[in-house]
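Notes follow the structure.
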Number of protein chains: 2
Amino acid sequence: MNTIPAGTAHTAAKVVAGSLERRDDIGLGELRDHLPMTRRRLRPGQHLYRSGQPFTALFLVNVGCLKSCELSDDGREQVTGFRMRGDLVGVESIGLPGCTCDVVALDASEVWELPYAPMLSACLRVPGLQARLTWTLAEEIRRDRSWMLALGTLGAERRVASFLLDLADRHARLGFSASHFILRMNRTDIASFLALKHETVSRVLSRLQERGLILVERREMRILDAHGLRDCVNGDEPATMH
Amino acid sequence: MNTIPAGTAHTAAKVVAGSLERRDDIGLGELRDHLPMTRRRLRPGQHLYRSGQPFTALFLVNVGCLKSCELSDDGREQVTGFRMRGDLVGVESIGLPGCTCDVVALDASEVWELPYAPMLSACLRVPGLQARLTWTLAEEIRRDRSWMLALGTLGAERRVASFLLDLADRHARLGFSASHFILRMNRTDIASFLALKHETVSRVLSRLQERGLILVERREMRILDAHGLRDCVNGDEPATMH
DNA sequence: ACCGGGCCGTAACGGTTCGTAACGACATGT
DNA sequence: ACATGTCGTTACGAACCGTTACGGCCCGGT
C-alpha cells in the first residue's frame with residue numbers, strides 16, 4: 001500500500017537525466033570572455049573544498065547537487081544549504097585566506113570554477129559584474145535569513161513541509177517538475193539542515209504521506225497536495241509546537 | 001542573596017555612558033569625502049526602517065544597539081541579529097526595491113545614513129571601497145552561518161552561553177569591558193534570536209548564575225567565569241540535548 | 001498615592017522531539 | 001550465496017523545552 005505506481009523507475013530515470021542535460025550557460029555567457037573559467041567534475045561524496053583549504057575561487061554549479069557544511073572546532077556539523085544548478089558556491093569565504101566550510105557533492109556534479117583574483121579585476125572592467133556579485137551575496141544573506149526565520153519559528157513538521165516546498169520551487173525554476181523529483185540528499189542531511197534528527201524527518205515524512213500530502217519512497221518524492229503542504233507550513237493543521 | 005554588590009548603579013551608569021561617547025569614525029573616514037553621509041538619531045523602540053519600505057540606503061551604527069527582525073507573511077517574527085557600533089545595517093535589502101526586514105532601535109541610537117546609489121558609483125571611483133563592501137557582505141554571511149551552526153547543534157543552555165560570550169567578545173572589540181556590560185535587549189528579544197522562549201532564557205540564566213558562571217540582575221550582566229562558559233558551550237557539562 | 005502595563009522570575013505540567021534500539025531493504029564485495 | 005555497510009523506517013522511553021499560570025518589580029500616567 002501507498003507505493004509509487006509501477007513504471008516509476010523510468011520516470012525517475014528521466015528526472016535524473018533531465019538534470020544532467022542542458023549544460024549551457026547559466027547567465028555567465030559574457031563572463032567567458034573575461035575569466036579563465038574551467039570545468040570541474042565531482043563524484044558523489046567528493047569534496048569541492050574543505051574547511052581550511054586556501055580560498056582561490058568561486059564555483060557556479062552547472063549540474064548536480066552539493067551540500068555546504070559549517071563545522072565547529074569541537075566536532076559539531078551543520079548543513080547550511082543545498083546548492084544546485086545556477087547557485088554560486090564559496091561566497092562565504094570571500095575576503096579570507098582559507099575556506100570556512102566544507103562543500104560536498106551529493107550527486108555526480110559539475111561546476112564552473114571562477115578564480116577569484118581574476119574575477120575581482122574583471123569587476124573593474126566588466127560593467128555590471130560587480131553589481132551582480134553584490135546582488136548574489138545579498139541574495140545569499142536573504143536565503144540564510146529566511147531559513148533562520150523558519151528554523152526559529154516552525155516545528156518539525158512545518159519545517160519539513162517548508163523544505164519540500166522550497167525544493168519544489170527550486171526545481172520548478174530550473175524547468176523541472178515541481179511535483180515529482182528526486183531527493184539528492186539523504187535523511188541525515190535533511191535533518192541537519194532543518195536542525196532535526198533523521199528519525200524525526202522520517203517520522204514527519206511518514207505522517208505527511210498518511211495525510212495524503214506527499215508520496216515518498218526512498219529518494220523519490222511526489223508532492224500530491226502542494227496547497228495542503230502550504231497550509232501545513234502556515235499552521236492551519238493542529239500545528240502544535242511553538 | 002546573589003545580588004549585584006552595592007554601588008553597582010554607578011558602575012552601570014558608567015558602562016552606558018561609555019557606549020555613548022567616542023562618536024568618531026568607525027573606519028569610514030575616507031568615505032566622508034565621497035559620500036553624502038547624514039547622521040540619524042533614534043529613540044528606543046523607534047524603527048530605522050520597516051519591511052516593505054523602499055530601500056535607499058545602508059546604515060552604519062555609531063552609537064546604541066538595534067535589532068533586525070525577519071517577518072513572515074503569517075505573523076511569525078524572528079530576531080536575526082543585534083547590530084552595534086561598527087555594524088553595517090541594511091545589506092540584506094541590497095538589490096531589491098524594498099526592505100525585507102524590520103530594524104528597531106533598542107537604545108537611544110545613532111547611525112550614519114549612507115545612500116546606496118551614490119555608494120554604488122563611489123565604488124567605481126574609490127579604490128578598495130568595492131572590496132570592503134564585498135568583504136562586509138561576506139562577513140555577514142559568515143555570521144549568519146555561524147549562528148545556524150549554533151542554533152542547529154546546541155541546546156538551550158549552550159545557546160545562551162554562546163550568546164553571552166559573543167556579546168562579551170563584541171564589547172571587548174569595541175574597547176569596553178568583556179566581563180561587565182548592559183544587556184540592551186530584553187529577554188524576549190534574546191529568546192527570539194536564540195529560537196527559544198523568554199521563560200527558557202530566564203531559567204538558563206538562573207542556572208548559569210547558580211553555577212557561579214555569571215551574575216545577572218535585570219539588564220546588568222557580569223561574566224564571572226568566561227572559561228566555564230566556554231566549557232559549557234563545548235559540552236563539558238552534562239550537556240544533554242542533541 | 002493609586003493604578004496599570006511592561007518586563008522579569010519561578011514553578012508545575014504536558015507535549016514534541018530526542019536517543020536508542022531493532023528491523024528490513026538494498027548495494028557492494030568476498 | 002553470504003557477509004558487510006549504508007540507509008530508511010518504526011517503536012518506546014526519557015529528556016528537554018514550550019505552555020500556562022501566578023506573582024513581583026519598576027515606571028509612567030491618572
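Lettering of chains follows the sequences in order, A, B, ..., and the numbering in each one begins at 1.
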In whole Å, what is the span from the [atom1] atom of [X] to the [atom2] atom of [N]?
X	N	atom1	atom2	value
B:Ile182	C:dC7	CD1	P	17 Å
B:Arg43	D:dG28	CZ	P	13 Å
B:His198	D:dT19	NE2	P	10 Å
A:Arg184	D:dC7	CZ	C1'	19 Å
B:Leu208	C:dT10	CG	P	12 Å
A:Leu154	C:dT17	CG	P	11 Å
A:Arg159	C:dT16	CZ	C1'	11 Å
A:Lys197	C:dT17	NZ	P	14 Å

Assuming nearest nucleotide by heavy-atom distance, tell me which of A:Arg218 and A:Thr200 is located more 5' along DNA chain C.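 Here A:Thr200 is the residue nearer the 5' end.
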
Starting at the 5' end of DNA chain C and moving along, which residue's nearest nucleotide shows up first, A:Arg203 or B:Met185?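 Residue closer to the 5' terminus by nearest nucleotide: B:Met185.
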
Checking contacts here: which listed nucleotide ([options]) is nearest the side-chain heavy atoms of [X]?
X	options	result
A:Ser202	C:dA12, D:dG8, C:dT17	D:dG8
A:Arg187	C:dC26, C:dT10, D:dT9	D:dT9
B:Glu199	D:dG8, C:dG9, D:dT20	D:dT20
B:Ser206	C:dG9, C:dC18, D:dG18	C:dG9

Using a heavy-atom cut-off of under 4.0 Å over every strand shown, decide if B:Leu196 touches base, sugar-phosphate, or nothing.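 Contact class for B:Leu196: sugar-phosphate only.
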
Would you kindly check whether a donor in the side chain of B:Arg219 faces an acceptor in the base of C:dG6, or vice versa, at under 3.5 angstrom? no

Within a radius of less than 6.0 Å around CZ of B:Arg50, do more than 12 heavy atoms belonging to other residues, nucleotides or ligands occur?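 No, because the 6.0 Å sphere around CZ of B:Arg50 holds 12 heavy atoms or fewer from other groups.
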
Between B:Asn186 (side chain) and B:Thr188 (backbone), is there a donor-acceptor pair under 3.5 Å? yes

If we check side-chain hydrogen bond (donor to acceptor under 3.5 Å, both in side chains) with B:Asn62, which of these qualifies: B:Arg41, B:Arg40, B:Arg39, B:Arg85? B:Arg85

How far apart are the closest heavy atoms of B:Gly212 and B:Asp225, and which atoms are they?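 The pair with the smallest heavy-atom distance is O-CB, 4.2 Å.
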
Determine whether the aromatic ring centres of residues A:Phe176 and A:Phe181 are separated by less than 6.0 angstrom. no

